[in-house]
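Every chain is numbered from 1 and lettered A, B, ... according to where its sequence line falls, protein lines coming before strand lines.
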Protein chains: 2
Amino acid sequence: MIQDMRMSEGVEWALHTCLNLAWVERDRAVPTSTLAAFYELPPAYLNKQLQALVRAGILASTPGPRGGFRLARAPEEITVLDVVVAIEGPQEAFECAEILRRGPGGAPGVDYRKICVISQFMRQAELNWRRELAGRTLADLKATVEERFPAVPGEVRHGLTGTRT
Amino acid sequence: MIQDMRMSEGVEWALHTCLNLAWVERDRAVPTSTLAAFYELPPAYLNKQLQALVRAGILASTPGPRGGFRLARAPEEITVLDVVVAIEGPQEAFECAEILRRGPGGAPGVDYRKICVISQFMRQAELNWRRELAGRTLADLKATVEERFPAVPGEVRHGLTGTRT
DNA sequence: GCAGAGTTACTCGGATAGTTCTTGTCCGAGTGTGTTCGG
DNA sequence: CCGAACACACTCGGACAAGAACTATCCGAGTAACTCTGC
C-alpha cells in the first residue's frame, strides 16, 4: 500500500454548504463567515471552495454589505456530481497513461484509452459511479433530510439567517 | 475547480504488470528490470509498487539470480479491486470528516458517517464502484485480451522470458 | 422634511506561504549460481 | 572424476531526496448601506 486516492476535503464542505443554502430563501445571500461558522470551518479556505462553485455556475456571489452566496439554480437542477466536479475537476480518477504505446507493438496513431481492456473496464466502472452521482440532486438530499430530521431545516435557517421561520 | 481526485499512476502499472505475469508460467520469476523495460517504466519506482503488491499477498518475490516477481495466487483469485487497494490503500475516496458534529445539534457519541445523508449517498456510490471492481479478476481480463488480441500473450511471454512458446 | 453627496463598513476575489503526499532514485542485505580447489 | 567451500553477481527491500498538490491565510477591489449636510 502506498496511500491515497482521497478526494479533497472541500467536497464535503461544498456539499453540506450547498444543501444548507437550499433551505434559505433563494434571493437571500449568506456571507462566507456565516457559512464557515456553522461548521467551524476556516472561513478563508471555505471561501476558496465557494469561488470554485461560483465559477461552475452553481452558486452566485454578491459583494458588499448584505452580500454573500446563494444558489444560482434551483436545487432540482443541481446534482451531486455537479458539486464534485466543480471542486475536484472533470478528470477521472483512473487516468489511462496509455503505457501500451511504449510496449511491443505500440503504434502512435492508436487511442489506447479505447483499446486497452484495463482502461475500458476502469472507465466503465467510474462512469457508472458518475452516473449515480449525476442522478441525485440537492432537492433529493433536501427531501430526505427533511423526512428523517424535521428539525434540521429550522436550525439551518436560524444559523444562517438569524430567523427562525 | 481546484484539481485532483486522481489515483496514483502506479495502479495502471500494477494492473498491466500483474496481467502480463498471468501469461508467464506460475513458477517463473520475472525481475523488476525486465518488467519495467516492457513499458519503458522507471525500474526503481516500479519496484516500489511491486513491493506493495507483495505486502498485499498478490505477488511473491524471490531474491538472488533467477529471482524476481510472480503471481502469488491464481489469476482467478486476484480481482482488480485487490490490485487497486494494494496500491491506493483501503480508504475511500470520499472520507466523511463528520463536520455535522461541529454544527448545531452535534453530539459526541454519534457516528455521523452513518447518519449523514450526504455521507451515506457517497459511500453507497463508492461501494458500488468497489463491488464492480471486485467482480472482475485477472483471469477475466486475460481471457478478454486473448480473444480480441491473440498475438498479445506470445509477445508478452517473449518480452518477459525470452521464450516464444 | 427631503434629496444627494460623501463616508463607512462589509463582501468577494485572487495572490501568497506552509505542509502533506506523490514521484523518483539510490545503496545495502540476502540469495542462488558458477567456479575453483582438494580429495 | 566428484564433492564441497568460496567468491561472485544478481535480486529485492527499505531508506533517502525532489516536485507537485492540497491546505491555509492575508490583503486589495468593489459595492451597498448609512450619515450628514444643504435646500
Rounded to whole angstroms, how far apart are [atom1] on [X] and [atom2] on [N]?
X: Ile87(B); N: dT23(C); atom1: CD1; atom2: P; value: 10 Å
X: Arg6(B); N: dC21(C); atom1: CZ; atom2: C1'; value: 10 Å
X: Leu53(B); N: dG14(D); atom1: CG; atom2: P; value: 13 Å
X: Gln91(A); N: dA20(D); atom1: CD; atom2: P; value: 16 Å
X: Gln49(B); N: dT23(C); atom1: CD; atom2: P; value: 7 Å
X: Leu46(B); N: dG24(C); atom1: CG; atom2: C1'; value: 12 Å
X: Tyr45(A); N: dG18(C); atom1: OH; atom2: P; value: 17 Å
X: Met7(A); N: dT20(C); atom1: CE; atom2: P; value: 22 Å

Does anything in residues 9-17 of chain B come within less than 4.0 Å of DNA chain C? Heavy atoms only, and list the residues if so. Glu9(B), Trp13(B)
For residues 9-31 of chain A, pull every pair meeting ring-ring contact (aromatic ring centres under 6.0 Å, His included), keeping only residues two or more places apart or in separate chains. Trp13(A)-Tyr45(A), His16(A)-Tyr39(A)
Counterpart residues, side chain to side chain donor-acceptor pair (under 3.5 Å), relative to Arg101(B) (two or more places apart): Glu98(B)
I'd like to check the side chain to side chain donor-acceptor pair (under 3.5 Å) partners of Gln124(A); sequence neighbours left out, ordered by chain and number. Asn128(A)
Taking only residues two or more places apart in sequence, or in another chain, which ones meet [X] in a side-chain contact (heavy atoms from CB on, under 4.5 Å)?
X: Ala107(B); answer: Val110(B), Tyr112(B)
X: Arg26(A); answer: Leu71(A), Ala74(A)
X: Ala143(A); answer: none
X: Val117(B); answer: Leu141(A), Thr144(A), Val145(A), Arg148(A)

Taking Lys142(A) first and then Glu146(A), would you say they form a salt bridge - that is, a charged N and a carboxylate O separated by under 4.0 Å? yes
Test item: Glu12(A) side-chain N/O and Ala97(B) main-chain N/O as donor-acceptor pair under 3.5 Å: yes
When you check every protein heavy atom under 4.0 Å of nucleotides 3-12 of chain C, what one-letter string (B, S, -) results, 5' to 3'? -------BBS
